Amino acid sequence: MNLNEKITVDAEPYPFEFVPATCALLIIDMQRDFLEPGGFGEMLGNDISQLRRTIEPNKILLAAWRTNGLQVLHTREGHRPDLGCLPPVKKIRGRSPTTIGDVGPMGRILVRGEAGHDIIPELYPVFGEAVIDKPGKGAFWSTDLHAIMQNRGIKQLIVTGVTTEVCVNTTVREANDRGYDCLVPEDCVGSYFPEFHDMGLKMIKAQGGIFGWVSHSEKILTVLK
Ligand code: TIU
């Protein structure tokens, strides 16, 4: 397969054309605190199984991306240990007794350098894959993601990770405004709330693909072979 040639993957609202060499896999916030039993997400009463079902398809897609020598980017949501980049409103919203920056089940919650902030072992980054630490929901805001994409010639994105309607949706919208195509494989994204997951995907592909395309990892794997 010539990785510099356009290939087409079945998607909604219509087939997605991409050049593998310039299309990065962007894996959003697959962090221990969001996905692991006993983490911050579960501590807040969320059903982590809705997120954990995305681990296996992400693992397979990531392996295929690596096998083909394609570009991979990871993000983590979190804050400086001094919490200088944590807006006070973000800390107090939710009214939980334990909030961002406090000591949680896996270290200080969503603080860089803490165990719970790190990426789950199943999808752990390898050398050469950029890890973007982001203080917000979108991966572009207050990060060097856009510079990295320009420096590495990345023109399109396959966006996976959690959660569908929060960080994935925000990132897809940000990418769209910067002129990038985004394809979201539905089995590789998840939400604590199935109905928000469904609507989050519908919002991306509505109106002729107002923010991008939605497909399935198996369809991407088929065309990569
Ligand atoms: N990564 C991400 O989506 N962060 C969140 O806080 N998501 C929620 O759904 N809460």
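Both counts, for ligands and for their atoms, begin at 1 and track the order of listing. These numbers come from the heavy atoms of this one structure, side chains and all, not from hydrogens, waters or symmetry mates. Since this is a predicted model, take the numbers as computed values, not measurements.
Using cut-offs of 30° and 60° for the angle between ring planes, the F18 and W65 rings count as parallel. Aromatic ring orientation, H146 versus Y180: perpendicular (interplanar angle above 60°, classes split at 30° and 60°).
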Show your working on salt bridge (charged side-chain N to carboxylate O under 4.0 Å, His left out) between E12 and K205 and close with a plain yes or no. CA-CA 6 Å; E12 290 181 308; K205 66 186 176 188; 2.8 Å; yes

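Contact residues for ligand 1 (protein heavy atom closer than 4.0 angstrom to any ligand atom): D29, F34, E77, K137, V162, T163, V166, C167.
Electrostatic pairing of R66 and E129 counts as a salt bridge here, judged by a charged N lying under 4.0 Å from a carboxylate O. A salt bridge links D29 with K134: at least one charged nitrogen is closer than 4.0 Å to a carboxylate oxygen.
Counting only heavy atoms from C-beta outward, the side chains of I132 and I148 approach each other to under 4.5 Å.
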